[in-house]
Amino acid sequence: AIRASAEVLEDAIGEDPEAARRFSRRILEASDRLDALTRDLLDLTRLEAKGLAAPQAAVDISAVVGEALQAQRAVARAAEVELVAELPARADARGDARWLRTAVENLIRNAVIFSPRGSRVRVTLAAAQLQWEIRVQDQGPGVEPAIRDRLFERFVGSRHGEGGTGLGLAIARRSVEMLGGTIRAESQVGVGSTFTVLLGDPPVADSDLPLAVTPDHESPGSSPSSAP
């Protein structure tokens, strides 16, 4: 696709400026996809080859999830998808902040990619018995039963064969497993999907009050938006 677009661009320069701009955009988009695929392949290869050391560092899971939300805010705005989150003021555990953020970012990005315009992606963090539970819920098309059991495999994560690199969910699963956690997906075609991560030591939170986060504002201690 890049070579073909470059050849057409070369012919169009000077004769058809609009066509030149169109094919230039295609080249840039294809280049961005290749960059994303390369980064994801490197991340997954690094995880599978070296793994992670046993998680020893103290991590505020709430802060990490908040950072992941911030990183995906522009993507959500561009897709006209609302991000809504309910996070405790603090959620302490032991782990690796970098790979936890990678996992959560991939789950949020995946949810946004497959969400229709005007819909909502809901991210929550709550205590679940002796662990922390992170949930990412979308209102997308859902996952076809034929691929549901293979959703976290390489290049199988795309629900309808478009969007993303096909590696995001594989990276999320491997990251979570390396951190000693578990990840699962629940989905209903035509309704949406929910990805649930269970992580960490017995939860200790400074406050039970949630933090509501949307693409437009952050308001500590405010009431979370309700999901349909």
Side-chain angles (χ1 to χ4, degrees), residues 33 36-37 40 43-44 61-62 64-87 99-128 131-179 181-199 210 212-215 224-228:
R33 287 195 296 271
L37 179 60
D40 283 353
D43 279 346
L44 190 57
I61 297 178
S62 186
V64 173
V65 174
E67 291 170 2
L69 279 159
Q70 288 282 49
Q72 295 306 306
R73 208 175 284 282
V75 175
R77 285 200 189 101
E80 296 180 24
V81 172
E82 181 184 10
L83 289 181
V84 177
E86 296 174 31
L87 311 177
W99 288 109
L100 174 57
R101 174 173 166 168
T102 295
V104 176
E105 274 197 49
N106 281 332
L107 292 177
I108 296 172
R109 185 184 306 115
N110 181 77
V112 170
I113 287 173
F114 293 103
S115 292
R117 294 184 182 277
S119 66
R120 174 180 291 175
V121 170
R122 185 182 181 90
V123 181
T124 62
L125 170 62
Q131 291 180 296
W132 287 106
E133 180 184 81
I134 303 168
R135 300 185 71 185
V136 179
Q137 182 179 25
D138 66 52
Q139 299 171 328
V143 180
E144 298 291 342
I147 67 170
R148 198 170 294 161
D149 293 339
R150 302 175 56 227
L151 196 57
F152 293 102
E153 296 179 15
R154 293 184 181 203
F155 304 114
V156 182
S158 178
R159 304 180 209 183
H160 291 278
E162 59 182 348
T165 63
L167 292 172
L169 293 180
I171 293 171
R173 181 190 66 176
R174 192 63 175 158
S175 299
V176 169
E177 289 176 348
M178 288 290 186
L179 292 168
T182 62
I183 185 170
R184 69 176 186 273
E186 300 168 277
S187 186
Q188 184 175 348
V189 175
V191 176
S193 302
T194 300
F195 291 83
T196 302
V197 173
L198 288 174
L199 275 178
V213 182
T214 70
S225 302
S226 58

**Student:** Check side-chain contact (heavy atoms from CB on, under 4.5 Å) between V191 and all other residues, then give those that pass, not counting sequence neighbours.
**Tutor:** Q188
**Student:** side-chain contact (heavy atoms from CB on, under 4.5 Å) with S119: which residues, sequence neighbours excluded?
**Tutor:** V81, S115, P116, Q139
**Student:** Nearest 0.5 Å please: distance from the CD atom of Q70 over to the CD1 atom of I108.
**Tutor:** 10.5 Å
**Student:** Taking all non-hydrogen atoms of both residues, which atom of V189 and which atom of R148 are closest, and how far apart?
**Tutor:** CG2-NH2, 4.0 Å
**Student:** For the residue pair W132 and I61, what are the closest heavy atoms and their distance?
**Tutor:** CD1-CD1, 3.6 Å
**Student:** Nearest 0.5 Å, please: how far is CD1 in I171 from CG in N110?
**Tutor:** 11.5 Å
**Student:** Got a second to check how far F152's CZ is from I183's CD1, nearest 0.5 Å?
**Tutor:** 4.0 Å
**Student:** Restricting to side-chain hydrogen bond (donor to acceptor under 3.5 Å, both in side chains), what partner residues turn up for E80, sequence neighbours left out?
**Tutor:** R117
**Student:** Who pairs with T196 by side-chain contact (heavy atoms from CB on, under 4.5 Å), at least two apart in sequence or on another chain?
**Tutor:** E133, R135, R184, E186, T194
**Student:** Can you confirm whether V64 sits close enough to V104 that some side-chain heavy atom of one is under 4.5 Å from a side-chain heavy atom of the other?
**Tutor:** no
**Student:** What's the separation between atom CD in Q131 and atom CG in L199, rounded to the nearest 0.5 Å?
**Tutor:** 7.5 Å
**Student:** Return yes if some donor-acceptor pair links the side-chain N/O of N106 with the main-chain N/O of T102 below 3.5 Å, else return no.
**Tutor:** yes
**Student:** Could you tell me which non-hydrogen atom of A76 sits nearest to which non-hydrogen atom of V112, and how far apart they are?
**Tutor:** CA-CG1, 3.9 Å
**Student:** Flag the pair L169 / L107 as yes when at least one side-chain heavy-atom distance between them is below 4.5 Å, and no otherwise.
**Tutor:** yes
**Student:** I need the L87 CG to L125 CG distance, nearest 0.5 Å.
**Tutor:** 6.0 Å
**Student:** Got a second to check how far S175's OG is from E105's CD, nearest 0.5 Å?
**Tutor:** 11.0 Å
**Student:** With sequence neighbours excluded, what pairs up with E67 under the side-chain contact (heavy atoms from CB on, under 4.5 Å) test?
**Tutor:** R101
